Structures are given as C-alpha cells and as structure tokens.
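This one's a predicted model, so the numbers in the text were calculated from it and none came from an experiment. One-based numbering, in listed order, for ligands and for the atoms of each. For reference, positions follow the sequence shown, starting with 1.
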Amino acid sequence: MTKNPTVIKWLEEMKELLTPDQVMWIDGSDAQRDALRKEACESGEMIELNQELLPGCYLHRTNPNDVARVEDRTFICTSTKEDAGPTNNWCAPEEMYKKLYNIARGSYKGETMYIVPFSMGPIGSPLAKVGIEVTDSIYVVLNMLIMTRVSPKVMEVLGDSNDWVRCLHSRCDIDPEYRYICQFPEDNTIISVNSGYGGNVLLGKKCFALRIASYQGWKEGWMAEHMLILGLENPKGEVKYIAAAFPSACGKTNLAMLIPPEYLRKKGYKVWTIGDDIAWMRIGEDGRLYAINPENGFFGVAPGTNEKSNFNALASTKEGTIFTNVAHDLSNNTVWWEGLNKDLPTNANDWKGNKWDPAKFDKADKTTCAANPNSRFTAPAKNCPCISEEFDKGAGVPISAIVFGGRRAKTAPLVYQSKSWENGVFVGSAMASETTAAAAGAVGVVRRDPMAMLPFCGYNMADYFQHWLDMGKKLGDKAPKIFNVNWFRTDDDGNFLWPGFGDNMRVLNWILDRCEGKAEATETAIGYVPMPEDIDLTDLDMDMDTLKSILTVDKDMWTKEATEIEEHYKKFGDKLPNELREQLENLKAAL
Ligand code: OXD
Ligand code: MN
C-alpha cells in the first residue's frame with residue numbers, strides 16, 4: 001500500500017510489538033466493509049438490524065465498564081509537565097511509552113492487525129491531515145470508515161512525508177485498571193489501550209482532531225477547535241458561516257442541524273450543516289478565517305434525539321449507521337432509546353443485552369434506562385438532509401462569527417457580543433456551564449470549560465489562550481466577531497424562559513446582522529446586548545418583558561462571576577497572558 005519509509009518502519013515496530021497472526025490494510029471498498037460486517041455479526045461483535053427499515057445498520061454493545069471517555073485516564077505526554085499545563089494529566093513520554101508497550105505487548109496474538117489509513121478533512125485538502133490507526137477491533141474499523149475518509153488515495157497524498165499521526169489501539173482485556181488514552185504531541189503519536197468505546201478508540205476524533213491537532217495548530221499557526229460549523233442562508237441566497245463551541249449537554253448537534261421556525265422558512269431562510277463537533281481553521285489568502293470539519297460522520301448521543309428535537313440527526317441514522325449501547329427493539333429488530341418516542345418498547349433488550357422491563361422504568365433513575373445515557377449513533381454525514389454542499393470541498397468556509405455558550409440559569413444573557421477579539425478570547429477563556437440533574441453530583445455547580453476545550457487541549461491552556469490572541473493579531477479587522485449565547489436562562493421555578501431548538505435561529509440572525517453592522521446594541525459591562533425589538537418574536541408565545549428579562553446583565557451576579565474568573569485564572573500562574581488579566585480588570589472596572 002505504501003513506500004513511505006516512516007510508515008513502513010512504524011508498522012514493522014507495531015507488528016513486532018503486537019504480534020498479530022495476520023495483517024489487513026483497510027482500503028475503504030464496499031466489498032471489504034461488507035466482509036468485515038459479516039465477520040463481526042458471525043462473532044457476535046455486532047447485531048445486524050432490520051435491513052428493510054435500517055439498511056446497512058448494526059448494533060454494538062461495549063463492556064459495561066467501558067461506556068464513556070475517561071478523562072482521568074487521559075494523558076498528554078510532553079517532555080515537560082509545564083508543556084501539558086495545569087488542566088491535563090501528564091506523564092513523561094519515556095515512562096509512558098514503556099508502560100503502554102508493556103500493556104500492549106503481544107495483545108494481537110491470534111488476531112488480525114487492521115491498518116486504517118485515514119484523512120481528517122477532504123482527502124488532499126490543504127487543511128486536511130493524515131493518520132494511520134492500527135487496531136484489533138472490527139468495530140473500530142467500521143466506525144472509522146464512517147467517521148473519517150479511508151482510501152488508498154490517503155497514502156498517495158501522503159507520499160514520503162512524515163507529517164502523519166501514528167494511532168495505536170489495542171483492546172487488550174478491556175481492563176479499566178490498565179485503561180490509558182495517551183497523546184504524545186511531540187511525536188504525532190496516540191496510544192489507546194483497554195477500551196473499546198468510541199471516544200477512546202476512534203483515534204481520529206478527540207485524540208487526533210483535537211488534542212494532537214490543537215498542538216499542531218499552535219506550532220503551525222492554525223486552530224483546532226471543539227466547534228460545530230453551520231451555514232445560514234438568507235432569502236437572497238447568501239450563506240454566512242458560524243462556528244460555535246459549547247461544553248457537552250448544551251445542544252451542539254441540535255444547533256448544527258437546526259430547522260428554522262416556520263415563518264423564517266417561508267421567507268427562504270435555511271441552515272446548512274458543515275460539522276457538529278470539530279472545526280479546523282486557517283487563515284486564507286484573503287486574510288479571513290476558513291474552517292473545515294475534519295470528520296466524515298456524526299458520533300452523536302442517542303437519548304433525547306427525536307423528530308422534534310433533531311429531525312436531521314435522526315434522519316442521518318436511517319442508513320449505514322452503527323448504534324452503540326442503545327436498546328434493541330426485538331419486535332421489529334430496530335433500536336430504541338429514551339426520548340426517541342413515547343412508546344416504551346414492550347419486547348426489548350436493554351443496552352447490556354438483558355430483557356428490559358418498561359414497568360420498572362423510572363425517568364429519574366438512570367439505572368432503569370433501556371439505552372445507556374451515553375449511547376451513540378455513528379452516522380455518515382452524507383445522510384444528513386441539511387448537509388452543506390461545502391462539506392466535501394477542501395477549501396473550507398469563511399467564518400463570520402464565533403459563538404461561545406454554556407448552560408447558565410441566571411448569569412449570562414441570551415446573547416451578547418464581545419467588545420473586541422481580545423475581549424472575546426477573555427469570554428471564551430472564562431466559559432462555564434452549570435451541572436444539571438442529569439449528571440451525578442450537586443446541581444447548579446459551575447464548571448469552567450474554556451472554549452469547551454478543557455478535556456481536549458493538547459498543551460498548556462495558557463499557551464492556548466496566547467495562541468488565540470496571536471491569531472487575532474494576524475486576522476486584524478478580518479477576524480470573525482465573537483459572541484456568547486445562553487439558551488438556558490430560567491425563572492425562579494427553574495422553567496426555561498427561551499424556547500431554544502429551532503428558535504435559536506432568531507438569535508443567529510441577530511448575530512449575523514451585527515457582523516454586517518445592521519443591528520443596534522446596548523453596551524454593557526460584559527459586551528453588546530441586543531435591543532429587545534431586534535430579536536424577532538414573530539409567532540412566538542413570548543412577551544417583551546420576558547425577553548427583556550433574559551437580556552439583563554445583573555451587576556451583583558457579574559461581580560461574583562468576576563471573582564470566580566479570577567480564581568479560575570490563578571491555575572495558570574504567570575503564564576496567563578497579560579491581555580486576559582487586563583480584560584478581567586476592565587470588566588471589574590466597568591461593573
Ligand atoms: C463528544 C464529547 O463525544 O464532546 O463529542 O464528549
Ligand atoms: Mn464533542
């Protein structure tokens with residue numbers, strides 16, 4: 001498949017370490033994929049679903065000890081601890097290689113070593129990068145075929161270059177005691193052992209496209225961000241692009257695939273999806289910031305996805321999709337999860353494969369769920385009814401606005417615009433979300449998650465903030481405008497005041513109007529807030545007073561917020577960029 005000496009050398013090392021019985025290059029062909037699907041069904045690794053209702057769709061169950069990303073077992077292995085920074089687990093590369101090689105040694109015995117050459121981003125795009133994953137799991141191969149672009153062309157494009165990411169995955173014994181997800185950014189290397197769960201083993205995604213790529217972006221002058229990308233088309237047919245970062249459980253996939261309210265659809269407004277999770281962004285020849293989605297599919301959370309909450313995501317799962325840890329509806333050999341519809345299946349197996357009793361189902365008790373709360377679908381992006389025609393083009397789309405957001409019951413207004421790029425970086429660096437009743441632990445606890453990158457930044461986060469500031473200097477007046485949104489303001493009884501979902505389009509329209517200098521705003525201590533009449537409430541059951549209430553900036557709350565940001569910043573010590581310290585002082589003074 002290749003003459004690239006660096007690839008040949010690494011694969012030889014891997015063979016020697018892992019001692020597989022056979023080696024198979026994955027070529028992206030339908031015939032090879034079909035044979036692997038068949039083999040996985042025969043071994044019980046996957047279950048073939050109803051091929052009339054869900055053609056090309058399969059169900060997989062992971063070990064119950066292995067159902068989510070494991071942040072406490074995720075390491076950034078740089079030469080010095082300082083390079084990994086205060087927000088990452090760190091281990092010296094030498095020590096970690098030794099430990100992981102000891103765990104993985106001989107672990108492919110009796111198995112096939114699958115070699116998956118993949119491109120993150122359209123093959124050959126100047127914004128794309130190449131990786132090679134070796135794995136002993138057919139499930140991983142089949143997921144990689146959906147989530148990335150796999151083809152012999154990838155190796156052609158790579159040629160003799162050494163600019164590719166080495167990805168080693170071994171299931172070993174799925175032993176949580178020896179589970180490690182390790183990034184070696186200085187060596188373009190990722191090693192994942194003892195897991196079979198998507199986020200830990202589809203190494204193109206979080207490990208490469210965020211942790212390794214953020215480090216590469218820092219060194220090479222571009223950005224890898226935990227952001228969705230969408231295009232908003234107005235009735236004149238003009239499309240403007242927005243990139244948005246939110247911590248988990250804030251509706252990123254829903255926003256990426258939003259369906260505008262009816263009155264806007266009738267006028268001719270449309271939303272086009274480019275990506276739902278990751279954006280790679282570079283400065284283009286015209287000086288603007290261009291973004292691609294490096295992925296080729298969606299690895300979405302199933303529970304809560306339904307025709308109303310996200311019609312387009314659900315439609316994306318109807319063909320060629322792998323479901324992981326959802327319930328198996330035996331009545332028609334399809335899948336089910338909490339929130340799909342109101343009809344609890346009466347003849348189903350739960351995500352562990354045990355008979356599920358709907359009579360025992362209690363919404364408040366996650367242990368009674370049919371589907372694991374973090375159950376997933378791996379769906380091809382091309383299935384999405386609103387996928388953008390720019391999705392597969394390598395040039396990327398010019399970003400007009402960057403949007404940050406979080407779940408804040410009271411503090412943050414529905415939307416505000418930062419006062420400058422530096423001020424926007426400050427807003428992103430202080431991003432926070434409140435924990436919900438859905439997760440264990442106290443409700444309403446604020447977790448700071450800068451740019452939604454806390455678990456994904458592959459180097460010192462203070463350097464990452466500086467990199468953002470440096471990118472702003474390079475972009476100058478061509479820089480996207482930076483905004484913050486909060487769909488989650490509540491009244492005193494905890495009821496949401498903003499309808500969210502498709503109605504978020506009303507806010508996106510204000511954001512784009514601001515980018516074009518078309519909308520007014522009120523200057524507050526934290527930034528520019530809309531004039532209430534500029535948020536279009538047509539057909540909404542919402543009065544002006546409620547809208548005004550969610551646009552307020554409360555001085556006392558923000559004074560407390562400023563104190564908390566100061567505390568958050570202490571972690572970074574002297575490395576915190578001065579510009580951000582100044583921004584904090586400006587905020588305090590303005591309050
Ligand atoms: C994801 C995540 O799976 O952010 O996308 O956890
Ligand atoms: Mn994500």
Asker: Do W164 and N188 come close enough that some side-chain heavy atom pair is under 4.5 Å?
Answerer: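 Of all side-chain heavy-atom pairs linking N188 with W164, none is under 4.5 Å.
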
Asker: Between the side chains of W498 and N504, is a donor N or O closer than 3.5 angstrom to an acceptor N or O?
Answerer: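 Judged by distance alone, the side chains do pair up.
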
Asker: List of N/O pairs, ligand 1 versus protein, all under 3.5 Å?
Answerer:
| from | atom 1 | to | atom 2 | distance (Å) |
| --- | --- | --- | --- | --- |
| ligand 1 | 3 (O) | R376 | NH1 | 3.0 |
| ligand 1 | 3 (O) | R376 | NH2 | 3.2 |
| ligand 1 | 4 (O) | K206 | NZ | 3.1 |
| ligand 1 | 4 (O) | H226 | NE2 | 3.3 |
| ligand 1 | 5 (O) | K206 | NZ | 3.0 |
| ligand 1 | 5 (O) | D277 | OD1 | 3.3 |
| ligand 1 | 5 (O) | D277 | OD2 | 3.3 |
| ligand 1 | 6 (O) | R69 | NE | 3.2 |
| ligand 1 | 6 (O) | R69 | NH2 | 2.8 |

Asker: Give a yes or no on this: more than 12 heavy atoms of other residues, nucleotides or ligands lie within 6.0 Å of atom CD of E389.
Answerer: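 No.
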
Asker: In terms of ring plane angle, is the pair F208 and W280 parallel, tilted or perpendicular, where the classes change at 30° and 60°?
Answerer: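 Ring orientation, 0 to 90° scale: tilted.
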
Asker: Tell me whether the centres of the aromatic rings in W468 and F465 are closer together than 6.0 Å.
Answerer: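 So the answer is no for these two rings.
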
Asker: Who pairs with S125 by side-chain contact (heavy atoms from CB on, under 4.5 Å), at least two apart in sequence or on another chain?
Answerer: P122, L127, A128

Asker: Taking side-chain hydrogen bond (donor to acceptor under 3.5 Å, both in side chains) as the test, write out the residues that go with N200, two or more places apart.
Answerer: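 N200 satisfies side-chain hydrogen bond (donor to acceptor under 3.5 Å, both in side chains) with S195 once adjacent residues are dropped.
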
Asker: Can S433 and D449 be said to form a side-chain contact (heavy atoms from CB on, under 4.5 Å), step by step?
Answerer: CA-CA 7 Å; S433 212; D449 186 351; over 6 Å; no

Asker: Does the structure place the NZ or CZ of R448 under 6.0 Å from the centre of the six-membered ring of F572, at an angle of no more than 45° from the ring's axis?
Answerer: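 No.
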
Asker: If you draw a sphere of radius 2.8 Å around the Mn ion (ligand 2), how many protein N/O/S atoms end up strictly inside it?
Answerer: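 Of the protein's nitrogen, oxygen and sulfur atoms, 3 lie under 2.8 Å from the Mn ion (ligand 2).
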
